[in-house]
Amino acid sequence: KSFKEFINAYCSDDFEWHQPVFKQFLYSQLFDDNHNCVTDIIIKYEYLNEAISILNLQLKFPIKIYEYNKSKYKTKSYKDYYDSDMISKVTIKCEKELKYFNYNFDGSTIYEPIIYNSSVKYDIKNNNIYSN
């Protein structure tokens with residue numbers, strides 16, 4: 001019914017999620033049954049234009065950079081929708097995502113527009129993540 005209610009449900013071990021694997025690890029869809037990341041590149045959205053520029057140096061047919069649609073209704077930063085309790089819960093719940101993909105509540109912790117051939121491995125069935 002509300003964003004706060006969603007965050008509380010997502011972070012609760014007791015809430016029954018409609019797609020249980022997505023509740024385990026946000027990026028679970030990037031991994032196969034052998035724990036390997038199936039994508040050659042991962043683009044961080046906050047660096048989208050920089051990533052496209054980097055890729056265009058290597059592509060035969062460059063990607064055009066378009067201005068994305070911005071909602072006229074979105075006037076606040078994502079940070080404004082979280083209170084300290086929600087931040088704490090998400091930080092604990094998403095500890096793996098934050099650690100292995102270099103994020104914290106303020107965003108990317110390192111300048112990394114593109115992650116090439118991620119060394120991160122994820123065991124979907126047992127919810128274990130590790131890196132070489």
Side-chain angles (χ1 to χ4, degrees):
K1 297 177 185 177
S2 71
F3 182 63
K4 184 168 185 154
E5 221 175 320
F6 167 76
I7 293 295
N8 286 332
Y10 181 72
C11 294
S12 170
D13 290 335
D14 299 327
F15 186 80
E16 195 168 320
W17 198 245
H18 69 289
Q19 291 290 333
V21 72
F22 290 157
K23 186 171 178 170
Q24 291 177 7
F25 182 62
L26 288 175
Y27 304 116
S28 60
Q29 64 269 25
L30 295 177
F31 298 88
D32 64 16
D33 290 338
N34 296 316
H35 320 307
N36 296 312
C37 185
V38 297
T39 62
D40 294 325
I41 62 170
I42 299 169
I43 296 173
K44 288 189 169 184
Y45 183 75
E46 62 271 31
Y47 301 120
L48 182 60
N49 288 339
E50 293 96 322
I52 290 172
S53 295
I54 292 167
L55 289 173
N56 280 343
L57 296 173
Q58 302 170 24
L59 297 174
K60 184 175 180 179
F61 301 102
I63 301 167
K64 293 181 181 175
I65 298 176
Y66 294 101
E67 288 296 317
Y68 57 90
N69 291 336
K70 282 191 175 183
S71 172
K72 62 182 177 181
Y73 303 106
K74 185 179 176 187
T75 58
K76 297 181 190 179
S77 164
Y78 71 90
K79 295 175 188 180
D80 294 327
Y81 295 96
Y82 289 82
D83 61 28
S84 59
D85 181 53
M86 293 164 70
I87 294 168
S88 177
K89 287 178 180 178
V90 171
T91 299
I92 292 167
K93 172 69 180 158
C94 297
E95 177 184 18
K96 295 173 189 173
E97 293 87 338
L98 298 171
K99 176 182 175 184
Y100 287 102
F101 292 97
N102 302 308
Y103 279 95
N104 64 24
F105 181 69
D106 293 317
S108 184
T109 58
I110 62 173
Y111 178 75
E112 185 180 38
I114 300 174
I115 300 170
Y116 292 98
N117 301 312
S118 176
S119 64
V120 173
K121 293 186 172 279
Y122 177 63
D123 177 355
I124 299 167
K125 293 177 186 157
N126 296 305
N127 191 25
N128 290 322
I129 189 165
Y130 49 96
S131 182
N132 294 340

Checklist line | Test side-chain contact (heavy atoms from CB on, under 4.5 Å) applied to I115 and I41, step by step | finding: CA-CA 6 Å; I115 300 170; I41 62 170; over 6 Å; no
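- Under the rule for a side chain to side chain contact (heavy atoms under 4.5 Å, CB included), the partners of L59 that lie at least two apart in sequence or sit in another chain are L55, N56, I63.
- Annotation: ring pair (Phe, Tyr, Trp, His ring centres under 6.0 Å) contacts of F101 (sequence neighbours excluded): Y27.
- Side-chain polar atoms of E46 and Y103 form a donor-acceptor pair below 3.5 angstrom.
- Among residues two or more places apart in sequence or in another chain, the ring pair (Phe, Tyr, Trp, His ring centres under 6.0 Å) test is passed with Y78 by F105.
- K44 pairs by the salt bridge (Lys or Arg N to Asp or Glu O under 4.0 Å) definition with E112, not counting sequence neighbours.
- By the side chain to side chain contact (heavy atoms under 4.5 Å, CB included) test, S53 pairs with I65, sequence neighbours left out.
- The line from CG of N104 to NZ of K99 is 15.0 Å long, rounded to the nearest 0.5 Å.
- Not counting sequence neighbours, D13 has no partner by the salt bridge (Lys or Arg N to Asp or Glu O under 4.0 Å) test.
- Atom OH of Y10 sits about 12.0 Å away from atom CZ of F15, to the nearest 0.5 Å.
- Rounding to the nearest 0.5 Å places CD1 of I54 at 6.0 Å from OH of Y116.
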Next item on the list: Check step by step if side-chain contact (heavy atoms from CB on, under 4.5 Å) holds for C11 and I92.
Entry: CA-CA 8 Å; C11 294; I92 292 167; over 6 Å; no
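- For the atom pair CD1 of I43 and CD1 of I52, the computed distance is 6.5 Å after rounding to the nearest 0.5 Å.
- Side-chain heavy atoms closer than 4.5 Å link hydrophobic residues (I, L, V, M, F, W, Y) into clusters, and following such links, even through other members, never connects Y47 to L30.
- For F6, the ring pair (Phe, Tyr, Trp, His ring centres under 6.0 Å) partners are W17, not counting sequence neighbours.
- A salt bridge (Lys or Arg N to Asp or Glu O under 4.0 Å) check over residues 29-43, counting only residues at least two apart or in different chains, returns nothing.
- Residues E50 and Y111 are in side-chain contact: their nearest non-hydrogen atoms beyond the backbone lie under 4.5 Å apart.
- Partners of K4 according to the salt bridge (Lys or Arg N to Asp or Glu O under 4.0 Å) rule, which considers only residues two or more places apart in sequence or in another chain, are D83.
- Within 6.0 Å of CD on E16 lie no more than 12 heavy atoms contributed by other residues, nucleotides or ligands.
- Side chain of T91 to main chain of I87: a donor-acceptor pair is present (N/O by atom type, distance under 3.5 Å, no hydrogens or angles).
- Every residue two or more places apart in sequence or in another chain that forms a side chain to side chain donor-acceptor pair (under 3.5 Å) with K79 is listed here: D106.
- For the pair K121 and F31, the cation-pi test (distance below 6.0 Å, angle within 45°) is failed.
- Listed by chain and residue number, K89 satisfy the side chain to side chain donor-acceptor pair (under 3.5 Å) test with N8 (two or more places apart in sequence, or in another chain).
- For E5, the side chain to side chain contact (heavy atoms under 4.5 Å, CB included) partners are K1, S2, not counting sequence neighbours.
- For an aromatic pair to be called close, the ring centres must be under 6.0 Å apart, and F3 with Y82 satisfies this.
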